[in-house]
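Structure, as structure tokens:
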Protein chains: 2
Amino acid sequence: MRKMNNKNKTFIDKLRSSGLRPTNQRVEISKFLFNRKKTFHFTVEELKNSMNSKRSKKISTATFYNTVHALKSAGHLKEFSLENNTSCYDTNITSHHHFFDDGKVIDIKSDKITFQKLPEAPKGKKIKNVEVVIRLENNN
Amino acid sequence: MRKMNNKNKTFIDKLRSSGLRPTNQRVEISKFLFNRKKTFHFTVEELKNSMNSKRSKKISTATFYNTVHALKSAGHLKEFSLENNTSCYDTNITSHHHFFDDGKVIDIKSDKITFQKLPEAPKGKKIKNVEVVIRLENNN
DNA sequence: CACCTACTTTAGAATAATTATAAAGTAGTT
DNA sequence: AACTACTTTATAATTATTCTAAAGTAGGTG
């Protein structure tokens, strides 16, 4: 018997409306990612480990990559690069900035940073977005 | 006979004063990186290819990685991550920002961006640096 | 419902960037 | 000239990610 509850409906709709078939794996991953209060930062490897450690039937690595890319393309995830050259994803897709604190990533709400001066885009180009990273270190 | 000119002296001193033995490979790489007017952005792979294509005696990949890391640790290079998860290095070590334009990186002088508002660092932490990336796209 | 087809998932191989290893070479000191 | 610690090198190993091609499934269609 297939599990199904009213939570799933939300994610099935979310997937469908993005042109993605709501397969079991995609629904499970969506539920894991989006069914939470706080925004969530993760690498694909971390996502895979957290989910699969709780599951008897594992989801394959390729599916995690496929699904995360699909969700990103659909605009449900934001991607950014960490120092150590791995892709990190963020369930907070609103425009915002980040603290980087030794591998840990903390969101900064967009309105916490405002600019006095910004450069013009080179000729023929325009600004797509502005992203600020504030690197932290320990006091003293 | 060992090649030696007054340019080399500069880089030998630069290496020595950073606690790095001025080996031939390191001097050559330093000369290639720092003996130019404009600042230079590169990945290790690019550096290796540009230098080795002109050389009969090739420098090994590991040495390029070792030397770039050593120069970075000594504060002569800045590192940043590209979208495609490769490390990019910058010979401009002064505080500054970047335009990212489809893989191409363009420096933005520090004084071209000023802040009206910046968030406070979390308790026990302080701000190490603030880095802005302005992503560009084509007009229209 | 039975079937069809395009989209998905999967295990495993392939790739790319980087790091580790350990043997041979070299700088700088004695 | 000899010594020793630091470097370089080729090669293997590792890590993150993508590719491949075969097996599975969603969502029509009749």
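To find a chain, count down the sequence lines: A is the first, B the second, and so on, and within it residues start at 1.
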Starting at atom [atom1] of [X], determine the distance to atom [atom2] of [N], rounded to an integer number of angstrom.
| X | N | atom1 | atom2 | value |
| --- | --- | --- | --- | --- |
| B:Glu79 | C:dA17 | CD | P | 15 Å |
| B:Glu45 | C:dA16 | CD | C1' | 9 Å |
| A:Lys48 | D:dA16 | NZ | P | 10 Å |
| A:Asn49 | D:dT15 | CG | C1' | 13 Å |
| B:Glu28 | D:dT8 | CD | P | 12 Å |

In a table with atom names and distances, give each donor-acceptor pair under 3.5 Å that connects a side chain of residues 116-137 of chain B to protein atoms at least two apart or in another chain.
residue  : atom : partner  : partner atom : Å
B:Lys117 : NZ   : A:Asp111 : O            : 3.1
B:Lys125 : NZ   : A:Asp101 : OD1          : 3.4
B:Lys125 : NZ   : A:Asp101 : OD2          : 3.2
B:Lys125 : NZ   : A:Asn138 : OD1          : 2.6
B:Asn129 : OD1  : A:Arg135 : NE           : 3.3
B:Glu131 : OE1  : A:Arg135 : NH2          : 2.7
B:Arg135 : NE   : A:Asn129 : OD1          : 3.3
B:Arg135 : NH1  : B:Glu83  : OE1          : 3.0
B:Arg135 : NH1  : B:Glu83  : OE2          : 2.8
B:Arg135 : NH2  : A:Glu131 : OE1          : 2.7

Report yes if a side-chain nitrogen or oxygen of [X] is closer than 4.0 Å to either non-bridging phosphate oxygen (OP1 or OP2) of [N]; otherwise report no.
| X | N | result |
| --- | --- | --- |
| B:Ser87 | C:dT18 | yes |
| B:Asn85 | D:dT17 | yes |
| B:His69 | C:dT18 | no |
| B:Tyr65 | C:dT19 | no |

Nucleotide N/O to protein N/O under 3.5 Å, stretch nucleotides 8-15 of chain C:
residue : atom : partner : partner atom : Å
C:dT8   : OP1  : A:Arg26 : NH1          : 2.9
C:dT8   : O5'  : A:Arg26 : NH1          : 3.2
C:dT8   : O5'  : A:Arg26 : NH2          : 3.3
C:dT9   : OP1  : A:Thr23 : OG1          : 2.4
C:dT9   : O3'  : A:Gln25 : NE2          : 2.6
C:dT10  : OP1  : A:Gln25 : NE2          : 3.2
C:dT10  : OP2  : A:Ser60 : N            : 3.1
C:dT10  : OP2  : A:Ser60 : OG           : 3.4
C:dT10  : OP2  : A:Thr63 : OG1          : 2.7

Select base, sugar-phosphate, or nothing to describe what B:Thr43 touches, counting heavy atoms under 4.0 Å on all strands.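 Result for B:Thr43 = nothing.
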State which residues pass ring-ring contact (aromatic ring centres under 6.0 Å, His included) with A:His97; sequence neighbours excluded, sorted by chain then number.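 For A:His97, no residue satisfies ring-ring contact (aromatic ring centres under 6.0 Å, His included) once neighbours in sequence are set aside.
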List in chain and number order the residues that pass ring-ring contact (aromatic ring centres under 6.0 Å, His included) with A:Phe42, two or more places apart in sequence or in another chain; answer none if no residue qualifies.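 In terms of ring-ring contact (aromatic ring centres under 6.0 Å, His included), with neighbours along the sequence ignored, A:Phe42 is linked to A:Phe40, A:Tyr89.
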Set of residues satisfying side chain to side chain contact (heavy atoms under 4.5 Å, CB included) with respect to A:Asn52, sequence neighbours excluded: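 Here the qualifying residues are A:Lys48, A:Arg55, A:Lys58, A:Ile59, A:Phe64.
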Donor-acceptor pair, distance only, cut-off 3.5 Å: does the side chain of B:His96 make one with the backbone of B:Thr94?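 Side chain of B:His96 to backbone of B:Thr94, a donor-acceptor pair under 3.5 Å: yes, one is there.
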Set of salt bridge (Lys or Arg N to Asp or Glu O under 4.0 Å) partners for B:Asp107, sequence neighbours left out: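 If we apply the salt bridge (Lys or Arg N to Asp or Glu O under 4.0 Å) test to B:Asp107, skipping adjacent residues, there are no hits.
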